[in-house]
There are 2 protein chains.
Amino acid sequence: MPRQVDHEERRRRIAEAVCTLIARSGMEAVSLRDVAAQAEVSMGAVQRSFRTKEDMLLFALEHLTQYVSERAEQRIAATSTPQAAATLLSHTLAELALLEEESRRQAHVWLAFVAHAPASERLAAVLKDTYAKLHDLLVRLLRYGQDTGEVAADLDAAREAHALLALADGLTAHVVAGHHSSATALAVLQRQVDQVLVEPPGNG
Amino acid sequence: MPRQVDHEERRRRIAEAVCTLIARSGMEAVSLRDVAAQAEVSMGAVQRSFRTKEDMLLFALEHLTQYVSERAEQRIAATSTPQAAATLLSHTLAELALLEEESRRQAHVWLAFVAHAPASERLAAVLKDTYAKLHDLLVRLLRYGQDTGEVAADLDAAREAHALLALADGLTAHVVAGHHSSATALAVLQRQVDQVLVEPPGNG
DNA sequence: CGCGTTCTGATGCACTTGCATCGTATCGGC
DNA sequence: GCCGATACGATGCAAGTGCATCAGAACGCG
């Protein structure tokens, strides 16, 4: 075996470059040459890592969704305090909405992919799958809240999860569009979560 | 004066073609040639109608926002029955979310523009302005609902309007991404509106 | 009718695109 | 130490891009 390169590492590196470019100037600004330059590899390397441009974009999306999903899942798995359902819920949502300042880039990219979904079935499939996972996650959180008594027992968790997820995505879009700051969006999100809780905090 | 052409009419025709193309294959698939073909005019005509491609895209966005805003405003202006605040609110939101089947195309286009906002300041400005207008509209509707007693008087109309608008946009995104059908999205939206009303319909 | 202005569609141009090709550098196995 | 397989980066290529240009058609006005 000749020269050894960590292919997966390179693919990830390229995916990062793709995301950077999309966030900076939109999806149509992504060319193989620019990606190669951004990733500081040769164009040939990009072409050997991905058979086609669409494959590359798809991998970048999967890279992003995996990152977001994992962070959300981790946050839940790492929780030990039992009655934290309320904060758990709002923190997870805030993370899904990519509202933190350091997630701006990811928010742009996510939105770009969603907007591109109608043009690519494979892309749409990945998005659909991710949304389903996130919805499940929220449902689990709500059910957990119902167990701890923080959330009304008669609440339709599935429905509420849909609403919360949509709200999070909408706020993402509004921040990207410049209609909201992250802080404002966060406040709106928090208020919605409070409505779900049986005892709104702060005004006993 | 020689040959007379309705320039505005032509610009609108081209804007329609732009929207069709964006909806079909995304923003990066919009080329002057394709637009000309879709609008069934010559490429020269497109170039004379718009100095540059960006101008064309910007006009298409303004064309879209104006259409959406106008339809929403009209719906309100045309209302004569006084206590319709509840239905008025949900219908307006449903329209803003572009959930009707015939608005799918516009939903795609809208999302594409939002996703592109970070890459173009002029575009972002138009979006921001439109969002502000829509927010105002919702605030007015909520205040009206408070006048008629359908909406709790102590509700923070501005905050609630933000939440509703974000929810509507999020649902739009979810429908475009294939995570929801229009019907499901509509149900989620309706449920959220019901929560705003003092007396939820159907189970009083 | 014929002039002059406006509009028109085709073509040119420099450039970028995604992808294919190819000679070479780099390493493991013998 | 050398062979052969592999990864590498540069270059080629046809197609498509936005925009500029231009000869001429179409029409109001004298």
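Throughout, a chain's letter reflects where its sequence line sits, starting with A, and its residues are numbered from 1. Fair warning: this is a prediction, and the values are worked out from it, not measured in the lab.
- The phosphate of C:dT8 has OP1 or OP2 within less than 4.0 Å of a side-chain N or O from B:Arg10.
- Taking atom CG on B:Leu32 and atom C1' on D:dT21, their separation rounds to 16 Å, with Å as the unit.
- Under a 4.0 Å N-O distance rule, the pair B:Glu8/B:Arg13 does not qualify as a salt bridge.
- The pair A:Asp129-A:Lys133 meets the salt-bridge criterion, with a side-chain N (NZ, NE, NH1 or NH2) lying under 4.0 Å from an Asp/Glu carboxylate O.
- Using a 4.0 Å heavy-atom criterion, one finds that A:Val46 contacts no nucleic acid atom at all.
- Atom C1' of nucleotide D:dA7 and atom CD of A:Glu9 are separated by 16 Å, given to the nearest angstrom.
- Comment: B:Asp147 does not engage B:Arg140 in a salt bridge, judged by the lack of any side-chain N to carboxylate O separation of less than 4.0 angstrom.
- When rounded to the nearest whole Å, the span between CZ of B:Arg48 and C1' of D:dT21 equals 12 Å.
- Positionally, the nearest nucleotide of DNA chain D for B:Lys53 lies more toward the 5' end than for the other of B:Lys53 and B:Gly44.
- Between the CD atom of A:Gln47 and the C1' atom of D:dA7 there is a distance of 13 Å, given to the nearest Å.
- B:Asp55 and B:Arg122 are joined by a salt bridge, as a carboxylate oxygen and a charged side-chain nitrogen come within less than 4.0 angstrom of each other.
- Here D:dT21 presents its P atom at 14 Å from CZ of B:Arg51, a figure rounded to the nearest Å.
- Atom pair B:Met43:CE and D:dA20:P shows a separation of 11 Å (rounding to whole Å applied).
- Applying the 4.0 Å criterion to OP1 and OP2 of D:dC19, one finds that B:Thr52 has a side-chain N or O inside that range.
- Nearest-nucleotide mapping onto DNA chain C: of A:Asp34 and B:Ala45, the residue sitting toward the 5' end is B:Ala45.
- Take the nearest nucleotide of DNA chain C for A:Ala29 and for B:Val41: the residue whose nucleotide is more 5' is B:Val41.
- Rounded to an integer number of Å, the gap from CZ of A:Arg33 to P of C:dC19 is 11 Å.
- By the 4.0 Å N-to-carboxylate-O rule, B:Arg71 lies too far from B:Glu100 to be salt-bridged with it.
- Side-chain nitrogen and oxygen atoms of A:Ser42 include none within less than 4.0 Å of the OP1 or OP2 phosphate oxygen of D:dC8.
- If you measure from atom CD1 of A:Ile14 to atom C1' of C:dG18, you get 15 Å, rounded to the nearest angstrom.
- Phosphate contact (OP1/OP2 of C:dT16, side-chain N/O of A:Ser31, threshold under 4.0 Å): absent.
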